[in-house]
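Below is one structure; the comments refer to it alone.
In what follows, every heavy atom counts, from backbone to side chain, and hydrogens, waters and symmetry copies are set aside.
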Amino acid sequence: MIPCYVGGGDMGGVSVSSHRHLRLGEALSAAFAGLPRAWRDSWGAILLAAAVWSAAGLTQRAVSLIWFPFGLIATLILVGALTRIAVSPDPAAAKRLGLRPAGLQFGRPELRLLGAALLCAVFMAMILSVVALLLLAVFGMAGLDAEAINQRNWAAVGPAWKLVLLAGVTGFALYGVLVMAVRLSLSAPATLGRGHMVSLNSMGIAQGSFWPLLGGLIVVGLPKVVLAVLTGWGLLSGVTGWVVWALVLCGLEAPLTTGFLGAAYRQLEYWTPEARSGV
């Protein structure tokens, strides 16, 4: 368990201030600088996850479903290894959190990660359902011409002011969903850093740091964007494309994302073992 301090102090080179504002540059620097350590200490988990997901994608659709439990386990092993590394200031601290040679371990922390992820997913599904119902009700009350919408005849849909107002309402609703999703992104590092399952409480850790977190997630998510562009251009397809996707996501995207979220968590954490909280 990583000790956390309230007020001024330092956690493995990442200082913690009483205001708990995320310093985006420092967190991103830590994520990129931590890549060699992540590769060195979790190479086995990276290769395992990449191999399992590559095999799942290369089989027929009916057969690939059999690979899903193995893919889930391999992903939990990978995320568990990378997150232990990301929230720890040094290799010795990561080992105290349960990191094994090559990052190959599976125990209660991985089950806690799965439980926290499921709780966050259920919460987001409920929020999305409510937002969808509210938007449907608002659009229904607006009295727009559904047939014109189907025909993409926007001039006949309804008054322009209604369209602008509905676009604003939709944007505001989607912004709210995005805020919650981003603030929940610290669930995994908080779960391993605190030593117990953390799901909705992670939003309190990220309070006031939405924009830096979003900006950092966009930066570390660029490998996915590059892969998507190459796939769209037809440069990645078939067996080769699938294997490249698996290798890049497991070997680059996952270490960068967990590294950034781990660094952000170490800056923003305010919890101490003496102030244990619930899920």
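Using a distance-only test at 3.5 Å, with no hydrogens or angles considered, no donor-acceptor pair links the side chain of Trp67 to the main chain of Ser54. Using modelled atom types, one side-chain atom of Arg84 and one backbone atom of Gly80 make a donor-acceptor pair closer than 3.5 Å. Looking at Gln105, its side chain does come within 3.5 Å of a backbone N or O of Arg100 through a donor-acceptor pair. Ser187 places a side-chain N or O within 3.5 Å of a backbone atom of Val198 that can act as its donor or acceptor partner. Although no hydrogens or angles enter the test, the distance criterion places a donor-acceptor pair under 3.5 Å between the side chain of Ser202 and the main chain of Ser199.
Leu261 and Tyr270 end up in the same hydrophobic cluster when Ile, Leu, Val, Met, Phe, Trp and Tyr side chains are linked at under 4.5 Å. A continuous path of ILVMFWY side-chain contacts below 4.5 Å connects Trp39 to Leu82, so both sit in one hydrophobic cluster. Side-chain heavy atoms closer than 4.5 Å link hydrophobic residues (I, L, V, M, F, W, Y) into clusters, and following such links, even through other members, never connects Leu99 to Leu48. Using a 4.5 Å cut-off between side-chain heavy atoms of Ile, Leu, Val, Met, Phe, Trp and Tyr, with links allowed through other members, Leu47 and Leu249 fall into different hydrophobic clusters. Hydrophobic clustering (ILVMFWY, side-chain heavy atoms < 4.5 Å, transitive): Val248 and Trp233 are in one cluster.
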Quiz item: Taking it one step at a time, do Phe68 and Trp53 satisfy side-chain contact (heavy atoms from CB on, under 4.5 Å)?
Solution: CA-CA 8 Å; Phe68 179 77; Trp53 285 114; 4.2 Å; yes

Checklist entry - What do the steps show when you test Gln267 against His21 for side-chain contact (heavy atoms from CB on, under 4.5 Å), and what is the final call? => result CA-CA 8 Å; Gln267 286 190 30; His21 290 316; over 6 Å; no

For side-chain contact (heavy atoms from CB on, under 4.5 Å), just list the numbers for Val138 and Leu166, CA-CA rounded to whole Å, side-chain angles, deciding distance to a tenth of an Å, and then say yes or no. CA-CA 8 Å; Val138 171; Leu166 290 174; 3.3 Å; yes

Run the numbers on Phe210 and Tyr175 for ring-ring contact (aromatic ring centres under 6.0 Å, His included), then give the verdict.
CA-CA 11 Å; Phe210 166 71; Tyr175 169 74; 5.7 Å; yes

Full working for side-chain contact (heavy atoms from CB on, under 4.5 Å) between Arg194 and Tyr265: CA-CA 11 Å; Arg194 295 184 174 185; Tyr265 165 74; 3.7 Å; yes

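Applying the 4.5 Å side-chain rule to ILVMFWY residues, one finds Val130 in the same cluster as Leu134.
In this structure, the side chains of Leu268 and Ser209 come closer than 4.5 Å at one or more pairs of heavy atoms. Residues Pro212 and Arg23 have side chains not in contact (no heavy-atom distance under 4.5 Å, counting atoms from C-beta outward). In this structure, the side chains of Leu22 and Trp211 stay at 4.5 Å or more apart for every pair of heavy atoms.
Summarising the geometry of Ile46 relative to Ala38, their closest heavy-atom pair is CD1-O, 4.5 Å, with the distance given to 0.1 Å. The nearest pair of heavy atoms linking Cys120 to Leu184 is SG-CD2, 3.9 Å. In plain terms, the two heavy atoms of Leu104 and Ala45 that are nearest each other are CD2-N, 3.6 Å. When every heavy atom of Arg37 is checked against every heavy atom of Ala94, the shortest pair comes out as NH2-CB, 3.8 Å. Across all non-hydrogen atoms, the minimal contact from Ala173 to Leu135 is CB-CD2, 4.3 Å. Minimum heavy-atom separation, Leu192 to Leu97: O-CD2, 3.8 Å.
Within a 6.0 Å radius of CZ in Arg108, no more than 12 heavy atoms belonging to other residues, nucleotides or ligands are found. For Phe70, the CZ atom is loosely surrounded, since the number of other residues' heavy atoms within 6.0 Å does not exceed 12.
Within the model, atoms OG of Ser129 and CE of Met124 stand 10.5 Å from one another, a figure rounded to the nearest 0.5 Å. Leu217 CG to Leu222 CG: the interatomic distance, rounded to the nearest 0.5 Å, is 11.0 Å. Between atom CG of residue Leu78 and atom CD of residue Glu110 there is a gap of 10.5 Å, rounded to the nearest 0.5 Å. From Leu236, atom CG reaches atom CG of Leu230 across 5.0 Å, with rounding to the nearest 0.5 Å. Between Lys224 atom NZ and Leu252 atom CG the span is 10.0 Å, to the nearest 0.5 Å. Rounded to the nearest 0.5 Å, atoms OG1 (Thr170) and CZ (Phe172) are 12.0 Å apart.
Screening Leu35, Val220, Ile85 for a side-chain contact (heavy atoms from CB on, under 4.5 Å) with Pro255, the sole residue that qualifies is Leu35.
Checked by atom type, the side-chain pair Trp242/Ser237 shows no donor-acceptor distance below 3.5 Å.
In this structure, Arg183 is not positioned above the aromatic face of Phe123 in the sense of NZ or CZ being under 6.0 Å from the six-membered ring centre and within 45° of the axis.
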